[in-house]
Number of protein chains: 2
Amino acid sequence: MCERAHTLATGLGGVNSVVYSDGVTTSGAPRRSTVKDIAAAAGVSRGTVNRVLNGGYVSPEARAAIQAAIAEVGYVPNTAARNLKRRRSEAVGFLALEPHTVLLEDPNIGAIMLGANAVLSLAGYQMVSLVIDSDRDTERVARYLSGGFVDGAIIVSARAYDPITTLIGQIGLPAVFVGHPPDLTNAIPFVGIDNVGSARAITQRLMATDRRRIGMIAPALNRDSGVDRLTGFREALGDRFDPALVAEVPHYDYAGGVAGMRTLLDREPALDGVFAASDAVAAGAMQVLREAGRDVPGDVGVVGFDDSSWADRTQPPLSTVHQPAREIGRRAAELVHRQILGDEDVPGSVLLPSPVVWRHSA
Amino acid sequence: MCERAHTLATGLGGVNSVVYSDGVTTSGAPRRSTVKDIAAAAGVSRGTVNRVLNGGYVSPEARAAIQAAIAEVGYVPNTAARNLKRRRSEAVGFLALEPHTVLLEDPNIGAIMLGANAVLSLAGYQMVSLVIDSDRDTERVARYLSGGFVDGAIIVSARAYDPITTLIGQIGLPAVFVGHPPDLTNAIPFVGIDNVGSARAITQRLMATDRRRIGMIAPALNRDSGVDRLTGFREALGDRFDPALVAEVPHYDYAGGVAGMRTLLDREPALDGVFAASDAVAAGAMQVLREAGRDVPGDVGVVGFDDSSWADRTQPPLSTVHQPAREIGRRAAELVHRQILGDEDVPGSVLLPSPVVWRHSA
């Protein structure tokens with residue numbers, strides 16, 4: 001690692017002193033110069049400029065021209081510069097901020113990891129998954145992320161006001177969220193699905209099976225996905241929405257489905273439809289219905305969300321919303337990799353299609 | 001990272017040049033000097049010697065005495081020395097060598113990770129999980145493990161002749177296997193359960209329910225756990241063992257259970273007992289039995305292995321063998337941490353209790 005860092009510093013010669021001496025935290029210029037300006041001034045392509053900024057090989061002539069152009073246009077590097085200073089690890093962190101639920105209950109997490117790893121692996125990056133399961137973990141992972149051990153990060157299950165979410169914004173680490181934290185105060189891109197639209201669509205499909213009293217088991221209302229799925233449910237029901245038929249539970253897990261279903265049956269014995277906001281939740285709900293002697297879908301139609309491995313293993317198999325977990329992982333990895341390479345045109349968000357998959361539980 | 005490495009090199013002063021200049025690959029001395037010899041020669045405790053070897057603080061006087069003693073006894077460091085040269089990361093790798101099965105199907109992996117992380121976190125180590133899903137991954141992870149990015153590694157699902165298993169032995173990285181690779185040619189400790197004894201116990205318990213024709217769905221016969229569970233099954237049945245009633249399948253997964261159960265029903269329609277070598281396999285088997293109109297446990301008794309989250313979510317809940325997954329993770333982390341600290345008395349294996357948990361599927 002040290003050899004690499006030295007090579008980079010040496011390789012860039014004067015660029016370091018000209019550009020980075022005090023430039024990183026400077027701001028307030030009327031218009032900030034860009035890689036494009038440097039390329040135009042040096043008479044080279046943007047790709048060649050990016051190669052210099054990222055420590056790649058260019059001819060000595062091109063390097064000299066680019067160094068002169070950087071001084072001429074007054075380039076103040078932002079992300080690219082920070083990447084460069086940090087660029088020693090060729091590793092990207094993968095963090096799940098809700099380890100108990102995600103690691104123990106969510107079959108999607110493995111697919112997201114495999115998708116992200118496939119893309120990073122091809123690009124030559126080592127993906128390192130970091131568990132955050134305590135305040136001690138949070139502090140140590142924060143040091144790890146700040147300490148040059150990774151060049152970027154993919155964050156799953158970001159929550160409102162999470163310290164890691166805040167830190168990533170502060171240190172300017174190239175990062176991507178899987179899902180959209182509600183307190184988004186920085187420009188970190190995210191990859192996800194349209195939770196509102198998908199929840200509305202599956203609720204409408206459930207309504208079309210002639211249900212009179214439809215409830216929802218609503219986990220994770222401190223997260224965007226939880227809030228958005230509830231919003232979609234409410235929009236679909238419109239005037240028929242009854243807040244008493246929303247059972248809040250903490251997590252997207254089987255235990256949440258068990259607790260939520262019990263609450264709903266207590267409040268409304270005549271319930272004949274349930275939107276469970278994840279497949280694990282739906283599986284727990286179906287277990288309670290089975291124990292209560294209710295036939296699914298005969299007495300109660302149940303729909304889930306995720307299309308995870310739970311979905312075709314419940315009895316009957318679940319009608320649900322398909323989350324393209326592996327593709328989400330791939331796209332997240334692509335976006336973080338592009339930022340690491342200094343790409344300044346990374347999209348702020350990528351929403352992937354998430355169609356309803358209709359099976360036999362409703 | 002660089003600062004840390006420099007500090008260590010400086011802090012050890014002459015020790016580096018005396019001991020490590022060409023010592024690491026040397027061998028053939030009649031009896032290799034140990035930390036104990038250094039401690040005796042220097043008149044200090046072994047703990048003090050280990051602190052010097054691991055870059056910790058000791059008084060200048062003790063350090064000088066220990067350096068002289070190291071030269072005097074001709075100490076050739078093995079693991080501790082290699083640790084020292086590598087000791088920059090304060091990270092420990094966590095590797096699953098069968099990512100598709102483990103990450104997508106095995107609920108135990110999350111519990112093992114959380115258990116290991118809890119111990120490493122308390123010790124101030126960052127656990128980094130590395131996915132190996134292609135030959136490219138294998139090569140890159142091998143470079144990562146060799147390159148000083150981690151101080152040790154926990155390896156789950158080691159398989160015969162896996163290149164990572166081989167590499168870990170070659171480079172002398174402090175490591176622990178979860179489970180015991182059949183081609184164990186090195187002295188890497190492992191943490192696990194008695195697969196033979198546990199498989200024998202649950203098969204005997206199944207036999208005690210008056211079954212006449214008992215089959216086994218046997219996954220992963222290229223791994224120790226797969227071979228051992230088959231051995232236990234055969235031992236329990238004794239003369240009644242019929243090789244035609246063993247259905248081999250590739251992985252410990254739901255799909256393996258589906259395929260294996262179909263094979264068994266084809267071969268022996270009168271089958272009335274099944275040992276499925278994991279809970280996910282048992283869940284797949286029960287689905288096939290359900291589709292074939294066989295009642296569980298009325299017509300066919302089914303037992304699993306793992307006591308994972310599958311076990312109390314099948315209908316009926318599974319009789320199975322309890323694997324203490326979180327404790328396995330904790331113990332693996334303890335053993336790798338002790339090696340990193342230079343402990344030369346780490347046990348070669350730790351077997352944890354794995355009792356039969358009898359529910360309603362047999």
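For clarity, every value in this text was computed on a predicted model and none was experimentally measured.
B:S121 touches chain A through backbone and side chain together, each having a heavy atom under 4.5 Å away. Heavy atoms closer than 4.5 Å to chain A are found in the side chain of B:Q287, but not in its backbone.
The distance from the CG atom of A:D162 to the CD1 atom of A:I132 is 6.5 Å, given to the nearest 0.5 Å. The distance from atom CG of A:L167 to atom CG of A:L173, rounded to the nearest 0.5 Å, is 8.0 Å.
Put simply, the side chain of B:L97 reaches to within 4.5 Å of the side chain of B:T165, judged on heavy atoms. Residues B:M113 and A:V131 are in side-chain contact: their nearest non-hydrogen atoms beyond the backbone lie under 4.5 Å apart.
Ranked by heavy-atom pairs shorter than 4.5 Å toward chain B, the options A:R136, A:R290, A:M127, A:R140 are led by A:R140. Ranking A:R143, A:R313, A:Q315 against chain B, the residue ahead of the rest is A:R313, based on heavy-atom pairs under 4.5 Å.
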